Protein chains: 2
Amino acid sequence: MTDTRTKTPRERYRAQVRAEIKEHAWEQIATAGASALSLNAIAKRMGMSGPALYRYFAGRDELITELVRDAYRSLADTFRAAAGAGAGLAGPAHALRAWALDDPHRYFLVFGTPVPGYRAPDDVTGIAAETMAVILDACAALPSDRPTTSFGTHIEGHRQWADGHPAPPAAVHRALTVWTRLHGVLSLELAGHFTGMEFDPALLYAAELDDLLER
Amino acid sequence: MTDTRTKTPRERYRAQVRAEIKEHAWEQIATAGASALSLNAIAKRMGMSGPALYRYFAGRDELITELVRDAYRSLADTFRAAAGAGAGLAGPAHALRAWALDDPHRYFLVFGTPVPGYRAPDDVTGIAAETMAVILDACAALPSDRPTTSFGTHIEGHRQWADGHPAPPAAVHRALTVWTRLHGVLSLELAGHFTGMEFDPALLYAAELDDLLER
DNA sequence: AGATTTGGTGAGAAGTTATCACCCGAGCGA
DNA sequence: TCGCTCGGGTGATAACTTCTCACCAAATCT
């Protein structure tokens, strides 16, 4: 979106068409899921015919890669915005749930079943680390009266991924549990595994968050 | 597999071919994922040509439905076997992890991203309730010195799904957290989200299990 | 203005799911 | 045991999909 005027008109048009293709792809994913993404249908709905799309994306995989990248970046943005608003760990946690419920297919595209032949590009791991840094910051700011867990001592020797983050091992362990527990509730809820049980998933999510905060 | 001799030869042959088709389907799913399941490839690998498969399964969806049913039943069986071996909650928990690691695609077929148009048949919810009953039993047998949580009071009025199970609300709440937390670690590990972080996922799983046991 | 890059199209190859009419042989009842 | 029925298998076909190719037109750059 930035400096859309320094580029040549060609590149402006190209970027706009790419954005429009991704827009239609998101719409199609939201209705039928990621595995039902059809390049032909996107092209037909945009008024142009099949092979024209290949001028903008090398294939289905590259389009999905771009969508995954956008999803990661969107999550990282909302995470940082929620962290900047204060409220400690609860802010990003509620933002995560809102982000997931806003478009479940987008959540599954990032955290769901990995697509068969697809491998995440190397730069999305950087964005993923960005979101993890937000959780790590929030966890490091929390008071912790618990002793270091046995997993904490294990992770002390295996934390190169928390690249130079000044968080004690207990905070790193807590950040990981924040991630896995919130994802556990969210993914089961979004996949529909709670239908039939008539409790409120939001309350279970809140209960997990409370348990993560009060320790 | 039972009473394979009271049936007519026709039905015996039919059941055997159906089983062989499912065998090849599992093999194909284990290598390429569920979305890459090709009826043509299965037929070709079995020596017969395309449309012959439609004598045994109405289509791709019915085959997947049958595989989901088998996966649920396999999980329920291993769960009950693990619960029968004693060891309380740790038995089913480790059995779940072993079952998931044994065939990740099978785990994702049950707990992963829901396939676009597919709806779980009504009888698998019964099998799912069977596995939930195992967790409920184990949780009800655990000593609990914690007071009833606020979610516990909520679930007291919304527990028709725990159909007549004589577990106190705290045990129901704990059973739900067992499910969501173990699934949280497992699904992220199987989806490859821990690659790059060099800690041992088994230890994180064990840490979550320990935290669930000691409360 | 002329040359070149770029976007778009139609045709076509190689897949897929799924349906159709047809054929043949195994299993069934008389 | 004979004959018939019915179920399994096949090829052809339709409607899709992704993706490649040669060609054409139009916009851009020199």
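What you see is a predicted model, and the numbers here were worked out from it, not measured in a lab. We use all heavy atoms of the structure for the numbers below, so side chains are in, but hydrogens, waters and symmetry mates are not. Order of the sequence lines sets the chain letters (A, B, ...), proteins ahead of strands, with each chain counted from 1.
Closest to the Pro51(A) side chain, of the nucleotides dC21(D), dG8(C), dT19(C), is dC21(D). If you check dG8(C), dT17(C), dC21(D) against the side chain of Met48(A), the one that comes closest is dG8(C).
Under 4.0 angstrom from either OP1 or OP2 of dG8(C) there lies at least one side-chain N or O belonging to Tyr56(A). In this model, the phosphate group of dG8(C) is approached by a side-chain N or O of Tyr13(A) to a distance below 4.0 Å at OP1 or OP2. For the OP1/OP2 pair of dG15(C) and a distance below 4.0 Å, the side-chain nitrogens and oxygens of Ser38(B) include no atom meeting the criterion. One finds a side-chain N or O of Asn40(A) lying less than 4.0 angstrom from the OP1 or OP2 phosphate oxygen of dT18(D). Put simply, Arg14(A) has no side-chain N or O that comes within less than 4.0 Å of OP1 or OP2 on dT6(C).
Rounded to an integer number of Å, the gap from CZ of Arg60(A) to P of dG15(C) is 17 Å. Put simply, CD1 on Ile42(B) is 11 Å from P on dT16(C), counting in whole angstrom units. One interatomic measurement links the two molecules: OH of Tyr54(A) to C1' of dC19(D), which rounds to 5 Å at whole-angstrom precision. Regarding Lys44(A), its NZ atom lies at a distance of 12 Å from the P atom of dA15(D), rounded to whole Å. In this structure, CD of Glu20(A) is placed 15 Å from P of dG7(C), rounded to the nearest angstrom. Straight-line distance from the CZ atom of Arg12(A) to the C1' atom of dT28(D): 14 Å, rounded to whole Å. Here the C1' atom of nucleotide dT17(C) and the CG atom of Leu37(B) are 12 Å apart, to the nearest Å.
What you find for Ser187(B) and Phe108(B) is that their closest heavy atoms are O-CZ, 3.9 Å. The shortest non-hydrogen separation linking Leu53(B) to Leu39(B) is CD1-O, 3.2 Å.
Residue Phe194(B) holds its CZ atom at 6.5 Å from OG1 of Thr180(A), rounded to the nearest 0.5 Å.
Taking the six-membered ring where the residue is Trp, His173(A) and Phe151(A) present tilted rings, their angle falling between 30° and 60°.
Checked by distance alone, Arg55(B) brings a side-chain donor or acceptor within 3.5 Å of a matching partner on the base of dG9(D).
Under the 4.5 Å side-chain criterion, counting only non-hydrogen atoms from C-beta, Val134(B) is in contact with Arg80(B).
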